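Step one of this worksheet: look at the structure below.
Values reported hereafter were calculated over all heavy atoms of this structure, with side chains retained and with hydrogens, waters and symmetry mates removed. Just so we're clear, the structure is a prediction, and the values are computed from it rather than from any experiment.
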Amino acid sequence: MSGRFTARVGSPRPTLLIGLVTGGAGLLALTGLTAAVAHVPYALLVLPLMATGFGMSFTMPAVTTAVTDGVPAERAGLASGVINASRQTGGVIGVALLGALAGTGPLAGLRTALAIAGLAFLAGALITLRTVDRAPMP
């Protein structure tokens with residue numbers, strides 16, 4: 001869906017914004033639900049988890065498109081490799097840090113980790129607004 005949407009609108013910018021804002025909203029919604037996690041019906045978790053998953057999966061292909069479009073054609077393979085290596089490294093570090101934070105208390109650490117992740121998504125949306133070109137893809 002991400003690739004089709006990006007091709008239809010002609011720029012990765014809207015795709016990135018939709019994915020980052022949706023993922024951030026899902027994570028922040030989960031932050032609120034963890035207040036009484038033992039008593040939250042599974043049905044209430046479905047929508048925030050779907051928003052988070054959709055946001056992540058909608059964002060990543062558009063990130064690759066934005067990066068490879070931003071370099072000369074002869075460097076597109078290198079740019080793609082760098083973004084994929086960065087994504088993997090960032091994922092490992094993020095999971096380790098947020099996992100360590102989530103393990104610091106009964107639920108306070110989990111809420112803090114989800115809030116940080118959600119705010120990071122929203123910060124990514126702000127960075128996208130400032131840095132990703134609005135012009136159509138070539």
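Residue pairs meeting the side-chain hydrogen bond (donor to acceptor under 3.5 Å, both in side chains) criterion with at least one partner in residues 91-101, sequence neighbours excluded, are absent. Identified under the side-chain hydrogen bond (donor to acceptor under 3.5 Å, both in side chains) test for residues 87-96, with sequence neighbours left out: Asn84-Arg87.
Ser57 places a side-chain N or O within donor-acceptor distance of the main-chain N or O of Phe54, the cut-off being under 3.5 Å. Side-chain atoms of Ser2 come within 3.5 Å of backbone atoms of Phe58 as a donor-acceptor pair (strictly under, hydrogens ignored). Distance alone, capped at 3.5 Å, places no donor-acceptor pair between the Ser80 side chain and the Ala76 backbone. Side chain of Ser11 to main chain of Asp133: a donor-acceptor pair is present (N/O by atom type, distance under 3.5 Å, no hydrogens or angles).
The shortest side-chain heavy-atom distance between Leu114 and Leu28 does not fall under the 4.5 Å cut-off. The closest side-chain heavy-atom distance from Leu45 to Leu30 is below 4.5 Å. Within the 4.5 Å cutoff, the side chain of Val63 has no heavy atoms near those of the Pro12 side chain.
The two atoms that bring Leu16 and Ala66 nearest to each other are CD1-CB, 4.3 Å, heavy atoms only. Looking at every heavy atom in both residues, Leu44 comes nearest to Pro48 through O-CD, 3.2 Å. Looking at every heavy atom in both residues, Val9 comes nearest to Pro14 through CG2-CG, 3.9 Å.
A donor-acceptor contact under 3.5 angstrom links the side chains of Thr15 and Thr6, judged on distance only.
Separation of atoms CZ (Phe121) and CG (Leu27) is listed at 5.5 Å; rounding is to 0.5 Å. How far CD1 of Ile93 is from CG of Leu98: 11.5 Å, rounded to the nearest 0.5 Å. A distance of 12.0 Å separates CD1 in Ile18 from CZ in Arg13, rounded to the nearest 0.5 Å. Separation of atoms CG (Leu20) and CE (Met56) is listed at 10.5 Å; rounding is to 0.5 Å.
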For residues 122-130, please give each side-chain donor-acceptor pair under 3.5 Å, one per line with the distance, not counting sequence neighbours.
from   : atom 1 : to     : atom 2 : distance (Å)
Thr128 : OG1    : Gly124 : O      : 2.8

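Note on Val132: it does not cluster hydrophobically with Val21, by side-chain heavy-atom contacts below 4.5 Å among ILVMFWY residues. Under the 4.5 Å side-chain heavy-atom criterion for grouping Ile, Leu, Val, Met, Phe, Trp and Tyr, Tyr42 is not connected to Leu47 through any hydrophobic cluster.
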For this session: For Leu101 and Ile116, run side-chain contact (heavy atoms from CB on, under 4.5 Å): C-alpha distance rounded to whole Å, both residues' side-chain angles, the deciding distance at 0.1 Å, then the answer.
Result: CA-CA 10 Å; Leu101 186 59; Ile116 289 170; 3.5 Å; yes
